[in-house]
Amino acid sequence: FVRALRSKGRKQLSPPGPWSFPIIGNLLQLGEHPYLTLMEMRKKYGDVFLLKLGMVPVLVVNGMEMVKQVLLKDGEHFAGRPNMHTFSFLAEGKSLSFSVNYGESWKLHKKIASKALRTLSNAEAKSSTCSCLLEEHVTEEVSELVTVFVELSSKNGGFDPRNAITCAVANVVCALCFGKRYDHSDEEFLKIVKTNDDLLKASSAANPADFIPCLRYLPLQIINAPREFYRALNGFIALHVQDHLATYDKDHIRDITDALINVCHNKYAATKTDTLNDSEIISTVNDLFGAGFETVSTCLYWSFLYLIHYPEIQAKIQEEIDGNIGLKPPRFEDRKILPYTEAFISEVFRHASFLPFTIPHCTTADTTLNGYFIPRKTCTFINMYQVNHDETIWDNPNLFRPDRFLNENRELNKSLVEKVLIFGMGIRKCLGEDVARNEIFIFITAVLQQLKLKKCPRAKLDLTPTYGLVMRPKPYQLEAERRSSGSSSAS
Ligand code: HEM
């Protein structure tokens with residue numbers, strides 16, 4: 001393929017790139033931190049280069065302007081998803097996020113899912129003090145999380161917050177998707193949380209069958225494990241969706257599943273044209289469930305690590321909270337009056353770049369980029385980590401410094417915030433950006449309003465990520481104590 005591409009390049013130039021081995025291509029050169037290796041390669045080959053992962057040619061795109069060219073200006077040509085083994089069994093090709101079928105019905109699918117999320121965001125809260133259902137669910141979960149942190153700390157001193165965070169975020173997702181929350185010790189819930197974790201680990205271990213196609217026919221555990229985990233998750237979700245289909249009431253939208261059923265019914269009633277069938281509704285709930293889970297909990301796991309690593313930054317956020325909202329439970333609208341807290345969250349997104357690449361893209365037609373010929377079906381990696389650490393945009397990119405996002409009046413510099421690339425952009429942009437930003441804000445402010453987080457004495461903290469589709473920090477422990485000036489309840 002590469003030779004064909006390069007020989008075609010005699011007439012139409014193909015992108016430069018490193019020499020590659022037969023079968024394994026450049027896989028071994030990527031090392032433990034591929035996003036850093038690709039940043040190094042950029043110094044030699046420029047913003048657009050081509051390498052081979054196993055037998056698959058992969059176009060790597062770096063630099064804000066080139067990324068905008070690919071995702072915005074030439075978005076239609078780069079809006080597909082590659083045919084990777086790991087993605088192929090996700091909802092049997094019906095997945096909104098991973099399906100290779102890009103076209104009119106995919107566009108309809110994304111429109112319906114985004115309308116359902118909006119419908120839900122506007123759904124009224126059961127309690128009068130919250131602005132919407134989402135805010136209410138997050139507030140409930142963070143209140144439980146604070147209690148769990150205090151209990152763990154008084155029992156064990158230092159503790160790893162990972163599980164408690166995952167359960168809290170999973171509960172927000174369950175409440176959003178199915179209108180139901182679970183006790184942190186509920187067995188069904190813990191099984192699903194674990195299955196989701198296993199699925200992610202199995203999929204992000206750079207499944208060799210994604211890059212060396214003949215391997216996908218071998219009965220190996222690493223190759224087939226994701227399929228088993230996915231089946232278990234899909235079964236759990238299908239049960240909930242079927243229950244919703246049976247009890248749906250258009251005048252009482254309980255959650256995303258109801259909102260999706262509602263949008264589909266309305267669309268069909270109004271136009272008698274295509275909409276989603278029941279199995280597509282199941283797969284959409286599955287997409288939202290999967291996407292809203294690991295991303296947000298990983299972001300919080302990073303955030304608490306930075307907060308104990310930089311206690312002076314934690315103190316500044318607490319000062320801002322105390323001075324502007326006091327003991328009142330934080331609400332989404334408070335984002336406007338806590339610019340330093342918002343700056344901290346943007347700096348976590350930028351510095352950790354815990355999604356170093358977007359989900360892989362794929363060209364939908366022959367196209368050209370930066371003067372190079374790019375054939376249809378070329379797998380494309382967007383290096384968001386590079387954009388977030390580009391010295392031409394960021395002063396001292398390796399420093400963790402929330403203040404970089406504030407202007408001289410201590411207001412948030414919105415145009416700089418928009419330069420942080422973590423949700424992607426254009427046609428394939430993340431559907432849950434608003435949900436995620438609001439949720440993360442409430443989790444961080446409500447925890448810091450009530451608790452002081454500290455690193456354990458003599459513990460060494462490490463900010464180097466473990467590579468994966470979503471990059472986590474290495475496991476760490478913290479101590480949590482109630483603040484005397486903080487509020488005693490977040491609900
Ligand atoms: C896709 C980031 C939370 C739903 C994506 C993509 C990124 C991303 C980078 C891929 C964009 C691309 O391929 O170009 C994040 C981050 C989150 C987050 C950093 C949290 C901090 C959420 C939440 C939801 C969600 C809470 C849903 C409630 C989706 C969906 C897609 C997606 C459905 C697939 C879009 C498509 O293929 O067109 N997200 N996400 N995400 N995200 Fe998120």
Side-chain angles (χ1 to χ4, degrees), residues 35 61 67-68 70-72 75-76 78-82 84 87 90-91 94-103 106-121 133-134 137-138 165 169-170 172-178 200 255-257 259-260 283-303 345-346 348-350 352-362 364 379-385 387-388 420-444 469-472:
Y35 50 97
V61 181
V67 168
K68 279 188 177 163
V70 163
L71 298 183
L72 299 177
E76 275 287 334
F78 285 92
R81 294 285 188 219
M84 290 169 89
F87 298 168
L90 296 175
K94 289 188 227 105
S95 161
L96 171 65
S97 320
F98 299 104
S99 162
V100 293
N101 304 321
Y102 174 74
W106 178 85
K107 286 183 189 166
L108 173 75
H109 194 168
K110 188 154 186 182
K111 224 178 181 169
I112 289 178
S114 97
K115 183 134 195 262
L117 259 189
R118 267 204 312 280
T119 307
L120 181 87
S121 299
L133 210 52
L134 173 66
H137 288 318
V138 182
I165 296 171
V169 174
V172 173
V173 177
C174 282
L176 274 182
C177 290
F178 314 123
L200 196 97
D255 45 44
I256 288 180
T257 307
L260 266 173
S283 91
T284 310
V285 176
N286 212 331
D287 274 318
L288 297 173
F289 190 86
F293 196 117
E294 184 62 22
T295 46
V296 174
S297 59
T298 300
C299 177
L300 292 174
Y301 197 42
W302 275 111
S303 300
I345 295 170
S346 287
V348 172
F349 286 158
R350 186 198 70 78
S353 285
F354 51 89
L355 264 89
F357 305 104
T358 64
I359 300 170
H361 285 231
C362 175
T364 54
C379 177
T380 306
F381 281 14
I382 311 291
N383 194 353
M384 299 200 289
Y385 187 96
V387 173
N388 292 338
V420 178
L421 195 55
I422 189 87
F423 294 99
M425 52 171 86
I427 299 173
R428 282 290 180 170
K429 188 179 168 48
C430 173
L431 212 63
E433 176 171 354
D434 292 343
V435 172
R437 284 186 186 275
N438 282 330
E439 189 177 344
I440 290 163
F441 174 81
I442 298 288
F443 266 107
I444 290 176
L469 200 64
V470 183
M471 300 200 294
R472 293 175 179 179

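One-based numbering, in listed order, for ligands and for the atoms of each. Quick note: numbers below take in every heavy atom, side chains included, and nothing from hydrogens, waters or symmetry partners.
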Do [X] and [Y] make a side-chain contact, defined as non-hydrogen atoms from C-beta onward lying under 4.5 Å apart?
X: Phe78; Y: Thr364; value: no
X: Leu96; Y: Trp106; value: yes
X: Val138; Y: Asn438; value: no
X: Leu288; Y: Leu431; value: yes

Tell me whether [X] has any N or O atom under 3.5 angstrom from an N or O of ligand 1.
X: Arg428; value: yes
X: Thr295; value: no
X: Asp287; value: no

Which ligand 1 atoms does [X] reach within 4.0 Å, using its non-hydrogen atoms?
X: Ala291; result: 3 (C), 4 (C), 22 (C), 23 (C), 25 (C), 29 (C), 41 (N)
X: Leu96; result: 37 (O)
X: Ala436; result: 3 (C), 20 (C)

What are the two closest non-hydrogen atoms of [X] and [Y], and how far apart are they?
X: Ala116; Y: Ala259; value: O-CB, 3.5 Å
X: Ser97; Y: Asp287; value: OG-OD1, 3.2 Å
X: Tyr102; Y: Gly80; value: CB-CA, 4.1 Å
X: Phe98; Y: Ile359; value: CE2-CG2, 3.8 Å
X: Ile427; Y: Lys110; value: O-NZ, 2.9 Å
X: Phe178; Y: Thr257; value: CD2-OG1, 3.9 Å

Looking at [atom], what's its closest protein heavy atom, distance included?
atom: atom 24 (C) of ligand 1; result: Gly432 CA, 3.5 Å
atom: atom 38 (O) of ligand 1; result: Lys110 NZ, 2.8 Å
atom: atom 26 (C) of ligand 1; result: Gly292 CA, 3.4 Å
atom: atom 2 (C) of ligand 1; result: Ile422 O, 3.3 Å
atom: atom 21 (C) of ligand 1; result: Ile440 CD1, 3.8 Å
atom: atom 32 (C) of ligand 1; result: Cys430 CA, 3.7 Å
atom: atom 15 (C) of ligand 1; result: Phe423 CD2, 3.6 Å
atom: atom 34 (C) of ligand 1; result: Ser97 OG, 3.4 Å

Which one holds for [X] and ligand 1: side chain close, backbone close, both close, or neither close, with close meaning a heavy atom under 4.0 Å?
X: Met384; value: side chain
X: Met425; value: neither
X: Trp106; value: side chain
X: Leu176; value: neither

Residue of the set Ile442, Ile256, Val435 for which side chain to side chain contact (heavy atoms under 4.5 Å, CB included) holds with Leu134
Val435

Assess whether atom NZ of Lys111 is packed by more than 12 heavy atoms of other residues, nucleotides or ligands within 6.0 Å.
no

Looking only at heavy atoms of Arg437, does any of them come nearer than 4.0 Å to an atom of ligand 1?
no

If you measure from atom 12 (C) of ligand 1 to every heavy atom of His361, Lys429, Glu294, which option wins on shortest distance?
His361

